[in-house]
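A quick write-up on the structure given underneath.
Scope of the values below: all heavy atoms of this structure, side chains included, with no hydrogens, waters or symmetry mates.
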Amino acid sequence: MRNTLFIFLLISLNVNSQIAQIYCSEINDQLKSKGVFPFGVASGDPTEKGVVLWTALNPFKLQTFRTVRCQVSEQYSFKEIARTYQYEVEIARGLSVKMNASNLSQDKQYFYRFIYGEDTSAIGRTKTIGTNPDHLKFAVVSCSNYEWGYFNAYESIANIPDLDFVVHLGDYIYEYGPGVYGDKSLNRGHLPAKELLTIQDYRSRYAQYRLDEQLQKVHQNTAFISVWDDHEIANDTYTEGAQNHQEEDGDWNERKLAAQQAYFEWLPITDNTQYEIQREFNFGSLANLYMLDERLKGRTKQPTQEGENLEGVNSMLGGAQHEWLVNSMKQSDAAWNILGNQVLFSSITIPSNVAGIKKSMDTWQGYLKERNQLFDEFHKISLAKYQSNNLIVLTGDIHSSIALKLEHKNTPLGVEWVAPSITSANYNERYSSCKTKSVERKLRNKALNPALDFVNLRYHGYVLVELDASHAKATWFKVKVSKPGKTKSKKIHS
């Protein structure tokens, strides 16, 4: 009996030790006073027959059993249960819960909730994709730095009626320590109070974000289709390293793997053993959406300056992803081909007398050979299918609202629509608004940038995209970020 009790105590001590190590001490202190489901609920990667459903348990509310159930209903009251799923949580996966809700009906709204013992989560709302929809309506977002402001734009999106989903183009979190890249006056310092390097670090930063009620609300109301950019790992990431990774930071591959694992633990993205984010979403004859990995799949190190290695062997997508994208688009008969693209695809000429902006070799500007090869392929596809102007490139990363025409060999191919940041610093947070407006006017010079239709370097917010078979429309909205609760959005361009 004594031996049995001793073994039980050892197991309990070991479990408690593992639980304490999931998050940093500051997050643990917050969680001890919260309920079973402190991070809310989320859904993502919708298909015609299913959707990924997500939550995470509070480790300090963990009981001896590990089974979490999820109920899905067409009614908010859950009077009738359409499906019930269950999941065995693991400490090794940070007590995250991710279920593939399958065998659902196409183009239908569903409600879902998680149950652990006697406790029930908040109720989430999601919807499946139509087999052949005649229209789509979705928001496009990127760059949500916790330290730079409040997530009012997320809450504003949560209140948009009849939204099909949200496309998140990356920089969902930022890896920097507190005060490195943020507004200290807001008192929204990053946790843990250090740069992210380990799995505990990354989990803790996601936990800090997901304790934010505004971020919880948008996930609770709308499905996400997401990819990472660089700050989910480290600034200016490429396959073999990053600008923000030095030798003293430890092994790069260990850091990269920790970041990938944490991303898949915290985002409602379809699980796979290789942590692949490259994937395709089909919307019948209306549209195909191709979500790309422009960081870890095949990107080589960025050139250090314009002209260096631009015609060499450097690659943004890698051969396999490049071939997959081109072949997929060749097979597409949809009215619109949409790229979920992290960094600026087009070239923008910057006047020499503009301070604080220069060509970034971290964008497609540093990978012109591959970018031009894609232009050639897109041009061939357009001619072969007797279509033109059906390409939509969705871009984030540069904290700006921009619309550009895409043209190759005198053939219009489509448009590039760049989403502003949710919070991350705009140009006018380094320079005056007067100077910022002057820079915008210089960039809009048609002799300098004939493809540039619209540019705004001042506002945070999001893009709302609406499609039918013959028309595609983007509307840019601005939202204030300096105070919480300022969720009213204002149109700035469409």
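- Between the side chains of T487 and N152, no donor-acceptor pair of N or O atoms lies under 3.5 Å.
- Judged by distance alone, the side chain of T55 and the main-chain N or O of G40 form a donor-acceptor pair under 3.5 Å.
- Between Y209 and H190, the two ring planes are parallel [angle under 30°; tilted spans 30° to 60°].
- V140 pairs with exactly one of T395, V418, V463, I157 by the side-chain contact (heavy atoms from CB on, under 4.5 Å) rule, that one being V463.
- Inter-residue side-chain proximity for I91 and I22 is flagged as met; some heavy-atom pair is nearer than 4.5 Å.
- At most 12 heavy atoms of other shown residues, nucleotides or ligands fall within 6.0 angstrom of atom CG in D162.
- Not a single donor-acceptor pair under 3.5 Å links the side chain of S96 to the backbone N or O of G94.
- For the pair E294 and L317, the minimum side-chain heavy-atom distance is below 4.5 Å.
- Considering every non-hydrogen atom in both A207 and I27, the closest pair reads CB-CG2, 4.0 Å.
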Quiz prompt | Residue pair N235, D362: steps toward the side-chain contact (heavy atoms from CB on, under 4.5 Å) verdict | solution = CA-CA 10 Å; N235 184 55; D362 186 59; over 6 Å; no
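- The neighbour count for E213 CD, taken as heavy atoms of other residues, nucleotides or ligands under 6.0 Å away, does not exceed 12.
- A distance of 4.0 Å separates OH of Y367 from CZ of R299, quoted to the nearest 0.5 Å.
- Between T222 and F138, every side-chain heavy-atom pair lies at or beyond the 4.5 Å cut-off.
- R255 has a carboxylate O that lies under 4.0 Å from a charged side-chain N of E195, or vice versa, which qualifies the two as a salt bridge.
- By the 4.5 Å heavy-atom criterion applied to side chains, Q342 and L292 are counted as neighbours.
- When all heavy atoms are compared, the tightest approach of E147 to G189 is OE2-CA, 3.4 Å.
- Counting all heavy atoms, side chain and backbone alike, Q200 lies closest to Y23 at NE2-O, 3.1 Å.
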Quiz item: Under the side-chain contact (heavy atoms from CB on, under 4.5 Å) criterion, do F165 and K127 qualify, and how do the steps go?
Solution: CA-CA 8 Å; F165 49 84; K127 66 180 297 187; over 6 Å; no
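- Below 30°, between 30° and 60°, or above 60°: for Y427 and Y431 the angle between ring planes is below 30°, a parallel geometry.
- A distance-only check finds a donor-acceptor pair linking the side chain of R279 to the backbone of I277 [under 3.5 Å].
- Atom CG of N253 is surrounded by more than 12 heavy atoms from other residues, nucleotides or ligands within 6.0 Å.
- Scanning all heavy atoms of the two residues, the minimum distance from C70 to M99 falls at CB-SD, 3.3 Å.
- Residues I225 and D45 share a closest heavy-atom pair of CA-OD1, 4.2 Å.
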Exercise. Assess whether side-chain contact (heavy atoms from CB on, under 4.5 Å) is satisfied between S347 and L368, documenting all intermediate values.
Key: CA-CA 9 Å; S347 295; L368 285 179; 4.2 Å; yes
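- No side-chain donor-acceptor contact under 3.5 Å links Q109 to the backbone of R125.
- For N58 (side chain) and G35 (main-chain N/O), a donor-acceptor pair under 3.5 Å exists by modelled atom type.
- A donor-acceptor contact shorter than 3.5 Å is absent between the side chain of D171 and the backbone of D229.
- The backbone N or O of L196 sits nowhere less than 3.5 Å from a side-chain atom of D201 that would complete a donor-acceptor pair.
- The aromatic ring centroids of F39 and W266 lie less than 6.0 Å from each other.
- Ring-plane geometry between W228 and Y263 is classed as perpendicular, the angle between the planes exceeding 60 degrees on a 0 to 90 degree scale with a lower cut at 30.
- A 4.5 Å side-chain heavy-atom check between F37 and Y116 finds at least one atom pair inside the cut-off.
- Side-chain contact between L191 and Y146 is absent, with no heavy-atom pair separated by less than 4.5 Å.
- Remark: the backbone N or O of Q274 is paired with a side-chain donor or acceptor of N272 at under 3.5 angstrom.
- In this model, no donor atom of one side chain and acceptor atom of the other lie less than 3.5 Å apart for Y459 and N426.
- Distance check, rounded to the nearest 0.5 Å: NZ of K98 to OG of S43 gives 12.5 Å.
- Under the side chain to side chain donor-acceptor pair (under 3.5 Å) rule, H460 has a single partner from S144, S424, S421, S401, which is S421.
- Taken to the nearest 0.5 Å, the CZ atom of R430 stands 8.5 Å off from the OG1 atom of T436.
- The shortest side-chain heavy-atom distance between S360 and L344 does not fall under the 4.5 Å cut-off.
- Note that the CG atom of D236 and the CZ atom of R295 stand 6.0 Å from one another [nearest 0.5 Å].
- For the pair R188 and F151, the cation-pi test (distance below 6.0 Å, angle within 45°) is passed.
- Within 6.0 Å of the NZ atom in K480, the count of heavy atoms belonging to other residues, nucleotides or ligands does not exceed 12.
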Exercise. Evaluate the criterion side-chain contact (heavy atoms from CB on, under 4.5 Å) for residue pair V439 and L443; output intermediate values, then yes/no.
Key: CA-CA 6 Å; V439 171; L443 292 173; 4.1 Å; yes
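- In plain terms, the two heavy atoms of G130 and P133 that are nearest each other are O-CD, 3.2 Å.
- Looking at E416, its side chain never comes within 3.5 Å of a backbone N or O of L406 through a donor-acceptor pair.
- The CD1 atom of I402 sits 6.5 Å away from the CG atom of L457 when rounded to the nearest 0.5 Å.
- Side-chain contact between W324 and Y290: present, with at least one pair of heavy atoms (C-beta onward) separated by less than 4.5 Å.
- Residue-environment remark: NZ (K437) stays at or below the threshold of 12 foreign heavy atoms within 6.0 Å.
- Counting heavy atoms of neighbouring residues, nucleotides and ligands inside a 6.0 Å radius, atom NZ of K137 exceeds 12 of them.
- We find that K61 and D119 are not joined by a salt bridge, their nearest charged nitrogen and carboxylate oxygen being 4.0 Å or further apart.
- Using bins of under 30°, 30° to 60° and over 60° for the plane-to-plane angle, the ring pair Y76/F111 lands in the perpendicular bin.
- With K256 contributing its side chain and A234 its backbone, the two residues share no donor-acceptor pair below 3.5 Å.
- Using the six-membered ring where Trp is involved, W417 and W476 have ring planes that are perpendicular, over 60° apart on the 30 and 60° scheme.
- Between F454 and H493, the two ring planes are parallel [angle under 30°; tilted spans 30° to 60°].
- Atom-to-atom distance recorded for N244:CG and Y176:OH is 5.5 Å, nearest 0.5 angstrom.
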Exercise. Evaluate the ring pair (Phe, Tyr, Trp, His ring centres under 6.0 Å) criterion for residues Y174 and W148: first the C-alpha distance (whole Å), next the side-chain angles of each, then the deciding distance (0.1 Å), finally the verdict.
Key: CA-CA 11 Å; Y174 278 69; W148 267 114; 9.7 Å; no
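- Screening D212, L186, T423 for a side-chain contact (heavy atoms from CB on, under 4.5 Å) with Y150, the sole residue that qualifies is L186.
- In summary, R458 and E440 engage in a salt bridge, as defined by a charged side-chain N under 4.0 Å from a carboxylate O.
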